[in-house]
*Asks:* 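Here you go, one structure.
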Amino acid sequence: MTQGRFVEALLDPKQPVPPGILMPDGTPASRRFNVYRNNVIVSLIDALGDGFPVVRKLVGDAFFRAMARGFAVTNLPSTPLIFRYGDRFPTYIDNYPTSGMVPYLGDVARLEWAHREALHAADAQPCSMDRISDCRDNLLSSLRFEFLPSVRIVQSDFPVLTIWQVNSDSTPSSDRIRMEREDVLLGRPEMDVAMRRLRPGEYCFLEPLLAGETLGTAAERAAKIDGFDLVATLTGLFESRLIHDIRLDGDVK
């Protein structure tokens with residue numbers, strides 16, 4: 001029996017017990033293998049439910065478990081660290097039949113995944129705004145920013161942060177949610193993950209910065225968006241303690 005055949009049988013209840021899985025009397029251990037097979041899938045479904053609690057709440061437990069089962073049988077964990085399981089789940093949700101009835105579901109899942117990544121990211125020490133204040137004006141555009149490992153941004157055409165907040169709170173909001181886009185910045189400068197809505201142009205500014213582009217390149221891109229405020233954005237990043245280091249373009253770390 002090969003490992004591949006064992007995994008194939010493990011994930012497909014229609015498959016027979018693999019050769020070599022036997023009872024003491026030499027007969028196929030069908031019942032025991034079926035229990036083991038069910039426990040593996042159930043444990044993966046439970047892991048997804050723990051990792052995406054708002055998604056589960058939005059669609060209900062029965063719908064969520066059916067969707068999670070479909071994902072689990074085609075997406076095995078790639079690491080023994082179960083908290084890292086589910087990175088492809090948001091895309092799976094986008095393509096899942098009937099999930100279109102909740103069009104923002106995949107983006108809520110992306111926000112939950114980003115929150116989990118931020119929570120488990122490596123620690124790093126934020127730098128102060130003095131680092132940029134000490135830089136000569138003619139060099140500002142050549143600066144590159146290194147963010148804390150926990151920093152993430154999520155872009156959505158839907159109010160994903162508001163939806164997450166309302167469904168994470170034990171006291172539901174009575175206010176009607178306005179169906180407008182919300183881009184979200186996440187980071188963990190200390191113990192807890194902080195999340196906030198991005199202002200106009202900030203996503204366009206942060207995306208290239210996080211990819212390693214210079215401050216000048218990022219600012220030029222964001223300046224095309226009405227309402228973008230470079231000073232307010234930079235001040236907010238330092239006040240939120242999300243920047244780990246700053247260096248001039250071409251500097252060797």
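Counting begins at 1 with the first residue of the sequence. In what follows, every heavy atom counts, from backbone to side chain, and hydrogens, waters and symmetry copies are set aside.
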*Asks:* Counting neighbours of CG on D226 that are heavy atoms of other residues, nucleotides or ligands and sit closer than 6.0 Å, is the number greater than 12?
*Replies:* no
*Asks:* Would you say the side chain of M67 lies within less than 4.5 Å of the side chain of I93, judging by non-hydrogen atoms?
*Replies:* yes
*Asks:* How many angstroms lie between atom CD1 of I163 and atom CG of L58, to the nearest 0.5 angstrom?
*Replies:* 7.0 Å
*Asks:* Taking all non-hydrogen atoms of both residues into account, name the closest pair between L148 and P189 and its distance.
*Replies:* CD1-CA, 3.6 Å
*Asks:* How close do L105 and V59 get, heavy atom to heavy atom, and via which atoms?
*Replies:* CD2-CG1, 3.6 Å
*Asks:* Got a sec, which hydrophobics cluster with M191, joining ILVMFWY side chains under 4.5 Å apart, including via others?
*Replies:* none
*Asks:* Can you give me the closest heavy-atom contact between Q155 and D107, atom names plus distance?
*Replies:* O-OD2, 4.3 Å
*Asks:* Can you find a heavy atom in the side chain of L242 that is under 4.5 Å from one in the side chain of P126?
*Replies:* no
*Asks:* Are the side chains of P159 and M179 in touch, meaning some heavy atoms are under 4.5 Å apart?
*Replies:* yes
*Asks:* Should the pair F63 and Y96 be assigned to parallel (<30°), tilted (30 to 60°) or perpendicular (>60°) ring geometry?
*Replies:* perpendicular
*Asks:* Please answer whether the main-chain N or O of G216 pairs with a side-chain N or O of S141 as donor and acceptor at a distance below 3.5 Å.
*Replies:* no
*Asks:* What pair of heavy atoms forms the shortest contact from A218 to F205, and how long is it?
*Replies:* CB-O, 3.4 Å
*Asks:* Consider only side-chain N and O atoms of E202 and T233, and report whether a donor and an acceptor are under 3.5 Å apart.
*Replies:* yes
*Asks:* State whether the side chain of R181 and the backbone N or O of F158 hold a donor-acceptor pair below 3.5 Å, judged by distance alone.
*Replies:* no
*Asks:* If you look at every heavy atom in L48 and A68, which pair is closest and at what distance?
*Replies:* CD1-CB, 3.7 Å
*Asks:* Would the distance check show the side chain of N95 and the main-chain N or O of T91 forming a donor-acceptor pair, the cut-off being under 3.5 Å?
*Replies:* yes
*Asks:* If we ignore hydrogens and angles and just use 3.5 Å, is the side chain of T217 paired with the main-chain N or O of E213 as donor and acceptor?
*Replies:* no
*Asks:* What do you reckon, are the aromatic ring centroids of H120 and F83 less than 6.0 Å apart?
*Replies:* yes
*Asks:* Group every Ile, Leu, Val, Met, Phe, Trp and Tyr by side-chain heavy-atom contacts under 4.5 Å, then state whether L76 and F71 land in the same group.
*Replies:* yes
*Asks:* Do NZ/NE/NH1/NH2 and the carboxylate oxygens of R84 and E117 come within less than 4.0 Å?
*Replies:* no
*Asks:* Which heavy atom of A121 sits nearest to which heavy atom of S150, and what is that distance?
*Replies:* CB-CA, 3.5 Å
*Asks:* Is the side chain of R188 donor-acceptor paired with the backbone N or O of E190 at a distance under 3.5 Å, no angle test?
*Replies:* yes
*Asks:* Before accepting this row, confirm whether a basic side-chain N of the pair D87/R116 lies closer than 4.0 Å to the acidic partner's carboxylate O.
*Replies:* no
*Asks:* Find out if a path of hydrophobic residues (ILVMFWY) with successive side-chain heavy-atom gaps under 4.5 Å connects I225 to I153.
*Replies:* no
*Asks:* Counting C-beta onward and ignoring hydrogens, is there a side-chain heavy-atom pair between C127 and I243 closer than 4.5 Å?
*Replies:* yes
*Asks:* Check whether F145 forms a cation-pi arrangement with R247 (NZ or CZ under 6.0 Å from the six-membered ring centre, at most 45° off the ring normal).
*Replies:* no
*Asks:* Side chain to side chain contact (heavy atoms under 4.5 Å, CB included) between V193 and M195: does it pass, once the steps are laid out?
*Replies:* CA-CA 7 Å; V193 177; M195 301 193 291; 4.3 Å; yes
*Asks:* Does E220, at its CD atom, have more than 12 non-hydrogen atoms belonging to other residues, nucleotides or ligands within less than 6.0 Å?
*Replies:* no
*Asks:* Under the side chain to side chain contact (heavy atoms under 4.5 Å, CB included) criterion, do L237 and L206 qualify, and how do the steps go?
*Replies:* CA-CA 10 Å; L237 290 174; L206 287 169; 3.8 Å; yes
*Asks:* Parallel, tilted or perpendicular, judged at 30° and 60°: which one describes the rings of F89 and Y92?
*Replies:* parallel
*Asks:* Can a donor-acceptor pair be found, under 3.5 Å and without considering hydrogens, that links the side chain of Y85 to the backbone of S78?
*Replies:* no
*Asks:* For the pair D183 and R199, evaluate salt bridge (charged side-chain N to carboxylate O under 4.0 Å, His left out) and give the outcome as yes or no after the intermediate values.
*Replies:* CA-CA 8 Å; D183 301 330; R199 294 182 289 263; over 6 Å; no
*Asks:* To the nearest 0.5 Å, tell me how far L119 CG sits from R152 CZ.
*Replies:* 11.0 Å
*Asks:* So, does R197 use its side chain to make a donor-acceptor pair with the main chain of V184 at under 3.5 Å?
*Replies:* no
*Asks:* Evaluate the criterion side chain to side chain contact (heavy atoms under 4.5 Å, CB included) for residue pair L215 and R144; output intermediate values, then yes/no.
*Replies:* CA-CA 6 Å; L215 177 61; R144 296 184 189 271; over 6 Å; no
*Asks:* Is there side-chain contact between E112 and P53, with heavy atoms separated by less than 4.5 Å?
*Replies:* yes
*Asks:* In Å, rounded to the nearest 0.5 Å, how long is the span from CH2 of W164 to NZ of K57?
*Replies:* 11.5 Å
*Asks:* What distance do I82 atom CD1 and S43 atom OG have between them, rounded to the nearest 0.5 Å?
*Replies:* 6.5 Å
*Asks:* Does the E182 side chain pair with the main chain of T162, one donor and one acceptor, at a distance under 3.5 Å?
*Replies:* yes
*Asks:* Could you tell me whether F228 and Y203 have their ring centroids closer than 6.0 angstrom?
*Replies:* no
*Asks:* To the nearest 0.5 Å, what is the distance between CG (L186) and NE2 (H115)?
*Replies:* 7.0 Å
*Asks:* When you check the side-chain N and O atoms of S240 and R196, is any donor under 3.5 Å from an acceptor?
*Replies:* no
*Asks:* Apply side chain to side chain contact (heavy atoms under 4.5 Å, CB included) to V42 and R65, showing your working.
*Replies:* CA-CA 9 Å; V42 168; R65 294 188 74 84; 4.0 Å; yes
*Asks:* Once you round to the nearest 0.5 Å, how far does CD of Q165 lie from CG of L111?
*Replies:* 9.0 Å
*Asks:* Under 3.5 Å, side chain of H244 to main-chain N/O of Q125, donor-acceptor pair present?
*Replies:* yes
